[in-house]
Amino acid sequence: MKEQLTALRDEAIAVIHAAKNMNELNEARVKYLGKKGPLTEILRGMGKLSAEERPVIGQMANDVRAAIESTLERKKEELEREVLQKKLMSETIDVTLPGRPVHFGNRHPLTKVIEEIEDIFIAMGFEVAEGPEVETDYYNFEALNLPKNHPARDMQDSFYITDEILMRTHTSPVQARTMERKQGEVPVKIICPGKVYRRDDDDATHSHMFTQIEGLVVDKGIRMSDLKGTLLAFAKQMFGENQRIRLRPSFFPFTEPSAEVDISCVICNGVGCRVCKETGWLEILGAGMVHPKVLEMSGYDSEKVTGFAFGMGVERIALLKYGIEDIRHFYQSDLRFLKQFSRV
Ligand code: FA5
């Protein structure tokens with residue numbers, strides 16, 4: 001029996017040492033110390049031993065159990081250390097590795113231009129107003145002196161939703177909405193940036209959705225020269241001190257007189273080039289003195305107050321500002337295009 005115990009101890013210790021992980025170690029514990037294990041078997045057979053042998057074998061069995069348990073314990077600690085070591089190794093941070101670059105986004109070039117234009121007008125005392133993109137026929141046309149079936153409605157081909165509701169074709173309805181809200185109070189001095197929609201075919205200079213900035217000033221004694229001075233100040237701040245502007249007679253049903261406003265070509269400085277079609281001038285907006293009928297319809301006495309208004313196409317201004325050749329770049333979400341504006 002002594003040999004059996006010694007052999008059992010040696011075998012158990014060898015198996016424990018060979019265990020590669022906690023599972024194998026637990027299997028060894030159950031195998032050698034479990035209720036059905038060989039040690040329990042030997043202890044059960046002790047009854048057959050003589051009275052002298054029993055304490056000796058009993059003591060030896062206990063020693064074997066203690067040896068197996070302490071070997072198990074040491075092996076367990078060893079395996080736990082190994083697991084910890086592996087974890088530490090896998091989580092080691094190499095502080096000498098180069099960092100991963102962080103990609104910063106940047107604002108869209110149109111947003112930048114809108115903010116720049118807003119800042120220029122805010123500094124001149126204008127407030128920023130807003131209006132809905134889905135607009136009623138009344139505000140988009142009728143309140144601007146464009147009754148139903150008026151031929152000038154053809155100037156702006158529209159996306160209708162119902163007979164009375166459409167996507168606004170310009171930011172001018174905000175003029176009427178603002179004047180109505182102010183209930184005859186002066187001064188009115190607002191700009192309104194926003195998206196507008198027209199059934200225009202997309203090409204290098206046209207888009208079916210584009211951005212306008214409307215301007216409206218109403219007060220006692222507002223004259224055409226105020227309009228001209230305001231737009232000249234804007235052009236100089238936007239494109240440089242040497243900028244000149246010119247007003248050409250034009251027609252809008254909501255202004256009288258009306259004008260198209262050109263700036264001297266930013267590419268050739270007015271000499272004449274391909275961009276300005278050799279004229280030296282580039283058209284950037286429509287403007288005029290608010291039509292008395294429009295003032296009256298929105299609750300102002302056209303005998304007492306006058307006003308000027310303008311509406312500029314922001315994309316066209318951005319094209320000139322950044323020398324971009326095609327308006328469609330603004331809407332294609334091409335990162336190669338957009339990233340060029342991260343530092344401007
Ligand atoms: C208007 O929309 C008038 N509401 C402007 C106005 C306001 C006049 C207040 C008088 C008083 P017009 O249709 O010309 O006018 O458009 C104004 C500007 O929008 C144009 O000068 C041009 O820069 C821009 N624009 C017009 N159509 C397009 C288009 N399809 N794509 C991009 N820009 C456009």
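Ligands are counted one by one from 1 in listed order, and the atoms in each one are counted from 1 as well.
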Ring centre gap for Phe310 and Phe121 strictly below 6.0 Å: yes

Proximal protein residues to ligand 1, non-hydrogen atoms under 4.0 angstrom: Gln156, His170, Ser172, Gln175, Arg198, Asp200, Thr205, His206, Ser207, Phe210, Gln212, Glu214, Phe252, Phe254, Thr255, Glu283, Ile284, Leu285, Gly286, Ala287, Ala309, Phe310, Gly311, Gly313, Arg316, Ile327

Within the 6.0 Å centroid threshold, strictly below: His291 and Phe254: no

Pair His208 and Tyr331, ring centroids less than 6.0 Å apart: no

Steps toward side chain to side chain donor-acceptor pair (under 3.5 Å) verdict (Thr211, Glu315): CA-CA 7 Å; Thr211 319; Glu315 283 80 357; 2.8 Å; yes

Pairwise side-chain contact, Leu166 with Phe141, heavy-atom cut-off 4.5 Å (strictly under): yes

cation_pi(Arg244, Trp281) dist<6.0 Å, angle<=45: yes

